Amino acid sequence: TLVDLNTTQSDGVTILETKTFETTLTPANKIVVGGGTAGLTIARRLAESSLKTSVLVLEAGGSGVGLNVVTIPEKSFSFVGTDIDWGFTIAPQEHAGEYEINLSSGKILGGDSAVNGLVWTRASKAEYDAFETLGSPGWNWDTLYAHMRKAEQLEYPSASLIDEYGYVVDASSLGESGPVSVSFPAYLPIQHKTLVEASVELGHTFNTDAYSGDNAGVYYSLSSQNTVPVRETSEFAYLTPWETHKQLTVFTYATVSKINLDDSSEPKATGVQVIFPDGSEYTASLKSGGEVILSAGVVRTPQLLELSGIGNSSILTPLGIDVKVELPGVGANYEDHTMALLTYQLKDGYLSFDALSYNETLLEEETELYSEGEGWLTFAQAVVNFEPIDVILTADEIEEAKEILSTKPESTPQDQFDILKELILNGTTQVEYLLFNSFSAGDDKESNTSYVSLSITHTHPLSRGSIHINSTSIDDFPVINPNMFEAEWDQWWLAKATAYGRKFFQTQAFQEIVVSEEVYPGSSVSTDDEWLEYVKENLNAGYHSAGTASLLPKESNGVVGANLTVYGTQNLRVVDLSILPMLISAHTQPAAYAIGELAATLITTGSTNC
Ligand SMILES: Cc1cc2nc3c(=O)[nH]c(=O)nc-3n(C[C@H](O)[C@H](O)[C@H](O)COP(=O)(O)OP(=O)(O)OC[C@H]3O[C@@H](n4cnc5c(N)ncnc54)[C@H](O)[C@@H]3O)c2cc1C
């Protein structure tokens, strides 16, 4: 059942009056807080399992059914500033320009899977194996690979698409029957094809099998969309059709404000407090033997733990919160990818998505084509390029890198630093180059002109920050501080990788289609110092936040153990990207789905380890 207060009626949806909430909110075996990427994955898997368990999902946003901003691939990122955006911002960063950085996130069923860039990638084996090395038995490549495959279903490209665009994928490295369809778009802009050619011209590897544990090189990346083509969200993939999930009740527009814990020495969750849109507050209770599964995402999960009395007493006590479990790791170990951008203008005769806003006829034609499953609107992304440092740096620069990495940055835990240093120096990819098909950075956007921007993403930052509450209200956002650029390496490497980004546009392939002179930042930036200054003053988040309820031993600032139960509690698990102890050199949604799938396996088999 979907209990939906606020959206228009769609198949299988029951719209209830607020007064009936209380009677519908009957005790459940499992309460899932947050119907996002991982949350809906575990909810569906538990509801259909042999456990015959009743599952209640409480989600603060509404359904994405019928929302163009969700369903149409080209519209990814258009949700920013709308009512399905939580509107988070990163606090001004001490080591970068002191300005707020956008961290938009989906307030909707499906969570970030409903609003993200649709890119579907995997990192290298060693990066997943690192989770086990850090102290969590079974959390390695083999297990996570199996569960990513369980979530996904490759829709193999048609012969005509392969012929037209050269799409390559090794089907044996992808899942065949999971709920999330992944496919290539029916249209590939010439500028993206050019990024492949430019990469090859620069001597980069063209990777024909980037989904089996070696992600280095340029490759055609799949997207979380079906061949209709409609975006896949965890709602569309795991919940619809509703009628098949009898054990599952989903409340939308239901904001959880606290987890209720009893007073035992190892507290037990008894249920959660939930606030409905009219401001009324209810208790959703657990049946005896039940559990609460926290899937509210990297920002809200630590906030809910802290509001419930689980966290660092030095943060909770001054706010008057009764400390139930002293757990300093809550909200710590936070990181996000960091990103810089370069912008170029396309030559006359070449168009990017910018043209959709200045050419009405084009927009009409493309909208018409989309209804036939073709054209520009089917495209969000399809080319990525992940590179290790030795492809980007000169021999002298590699020596300089080693020198910088000889000192551990203050905020990086020693064991993570040891692993990351090894990964950095031994060929694991550390940067991603990806093309945005529009003007995405700069001040001088001319009308009736088409641009592209290259994003340069540092995929293994060393700096660690935190997300903590500074108020006792669920309505106030916690302070989001990834501590970007605290580590000298993080500054130096992003500056070097961004400077290298210019080389793509100097290739013969790109010179055919772009105006030579760079639009942003332009020729005034060319020395090492200028690049450093540029990235510091123009830093973006990669929208791949992780780590605020880390899967680590308790003494290493861990919050959950290998079966995802919160340390010091009996029946409270975290199942979302907050548990990722270290970021991977990949986009993060497949990991979120894998965490949901794996948590379901752990619960249904009663395992304490993977
Ligand atoms: C703009 C953007 C672009 C991205 N692009 C990509 C990409 O192209 N490819 C990729 O792989 N990854 C991408 N990501 C990252 C990826 O989507 C996320 O890492 C992943 O989906 C997070 O999953 P999650 O389950 O941890 O959290 P979410 O999916 O965010 O789920 C959390 C859910 O909890 C709900 N919630 C929060 N607080 C409460 C509360 N108090 N009560 C009730 N419900 C609550 C939220 O509304 C949300 O539905 C992007 C992310 C963003 C934001």
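Note that ligands are numbered from 1 as they come in the structure, with each ligand's atoms numbered from 1 the same way. Only a predicted model underlies this, so the values are computations on that prediction, with no experimental measurement involved.
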Number the atoms of ligand 1 from 1 as they appear, then name those within less than 4.0 Å of a heavy atom of S104, with their elements.
-> 53 (C)
A student checking ligand 1 against P590 at a 4.0 Å heavy-atom cut-off should list atoms 11 (O)
Please state whether V274 comes within less than 4.0 angstrom of ligand 1, counting heavy atoms only.
-> no
Using a distance-only test with no angle check, is there a side-chain donor-acceptor pair under 3.5 angstrom linking Q589 and S224?
-> yes
Of G34, G110, S113, S295, the one whose closest heavy atom lies nearest atom 32 (C) of ligand 1 is S295
Residues E48 and R45 bridged, charged N to O under 4.0 Å = yes
Have a look at L583, L577, V256 and point out the one with the heavy atom closest to atom 40 (C) of ligand 1.
-> V256
for atom 28 (P) of ligand 1, nearest protein heavy atom and its distance come out as D112 N, 3.7 Å
List for me each residue that meets side chain to side chain donor-acceptor pair (under 3.5 Å) alongside S550, sequence neighbours excluded, and say none if there are none.
-> N333
Check: of A38, G39, A296, min heavy-atom distance to atom 37 (C) of ligand 1 comes from A296
Look at atom 2 (C) of ligand 1 and say which protein heavy atom is nearest, naming residue and atom and giving the distance to 0.1 Å.
-> Y543 CB, 3.6 Å
Looking only at side chains, do N483 and Y334 share a donor and an acceptor under 3.5 Å apart?
-> no
Contact atoms of ligand 1, heavy-atom distance to T255 under 4.0 Å | 41 (N), 42 (N)
W120: heavy atom below 4.0 Å from ligand 1, yes or no?
-> no
At a 4.0 Å threshold, what atoms of ligand 1 neighbour a non-hydrogen atom of L58?
-> 43 (C), 44 (N)
Just going by heavy-atom distances, which of E59, H587, Q381, H337 is nearest to atom 7 (C) of ligand 1?
-> H587
Selected option - heavy-atom contact closest to atom 17 (O) of ligand 1, from N116, T233, T588 = N116
Of the protein's non-hydrogen atoms, which lies at the shortest distance from atom 31 (O) of ligand 1, and what is that distance?
-> G36 CA, 3.3 Å
Could you tell me which atoms of ligand 1, counted from 1 in the order shown, lie closer than 4.0 angstrom to a heavy atom of A254?
-> 42 (N), 43 (C)
To the nearest 0.1 Å, how far is atom 44 (N) of ligand 1 from its closest protein heavy atom, and which atom is that?
-> A60 N, 3.2 Å
Hits for ring-ring contact (aromatic ring centres under 6.0 Å, His included) against Y567, two or more places apart or cross-chain, chain-then-number order -> none
Hey, which atoms in ligand 1 end up nearer than 4.0 Å to a heavy atom of K107?
-> 47 (O)
Element-labelled atoms of ligand 1 that are located less than 4.0 Å from some non-hydrogen atom of G117 = 3 (C), 4 (C), 5 (N), 6 (C), 7 (C), 8 (O)
Report yes or no: does T604 contribute a side-chain atom to a donor-acceptor pair with the main-chain N or O of A600 at less than 3.5 Å?
-> yes
Option set I595, L307, D576, criterion heavy-atom distance to atom 24 (P) of ligand 1, minimum | D576
Are Y282 and F276 an aromatic pair by the rule of ring centers under 6.0 Å?
-> yes
Go through the side-chain N and O atoms of T459 and T457 and say whether any donor and acceptor fall under 3.5 Å apart.
-> no
Side-chain donor-acceptor pair present, H337, E432, cut-off under 3.5 Å = no
Quick check: does any side chain N or O of S285 sit under 3.5 Å from a backbone N or O of G271, one acting as donor and the other as acceptor?
-> no
